Structures are given as C-alpha cells and as structure tokens.
Amino acid sequence: MGGGNGQKAKMARERNMEKQKAAKGSQLESNKKAMSIQVSRERYKLFEINYFFAKIPKR
C-alpha cells in the first residue's frame with residue numbers, strides 16, 4: 001500500500017489520459033445525439049399529456 005502524493009497524481013493523470021483517448025468522435029456529434037434524445041423525451045411527454053386529456057370525459 002501507500003505511495004506518495006506525486007505517485008497518486010501520476011496515476012490519476014494516466015487514468016484521465018486513457019479516458020480521454022477512449023472517447024472517440026467530436027463533441028458536436030455528442031451534442032447532436034443528446035439533443036435528439038431530449039427532443040424525443042419532450043415529444044413523449046406531449047403525447048402523454050394529450051392522451052391523458054383525451055380520456056377525460058367532456059361535460
């Protein structure tokens with residue numbers, strides 16, 4: 001066990017470098033996918049609301 005702060009920092013840097021290398025593709029592509037998911041959720045919410053109100057009997 002053990003190790004100094006310098007060793008721990010070095011290991012943390014190495015782990016972070018590996019994580020950054022693993023992420024392929026551009027940030028723009030990731031943002032587009034995230035926006036698509038968000039739009040899908042909003043559409044589903046609107047569908048649920050409309051479906052709910054359609055079931056309420058009118059007076």
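Quantities reported herein were computed from a predicted structural model and do not represent experimental measurements.
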Do NZ/NE/NH1/NH2 and the carboxylate oxygens of Lys45 and Glu42 come within less than 4.0 Å? yes
If you round to the nearest 0.5 Å, how far is [atom2] of [Y] from [atom1] of [X]?
X     : Y     : atom1 : atom2 : result
Gln7  : Lys10 : CD    : NZ    : 8.0 Å
Ile37 : Met35 : CD1   : CE    : 11.0 Å
Arg41 : Ser36 : CZ    : OG    : 11.0 Å

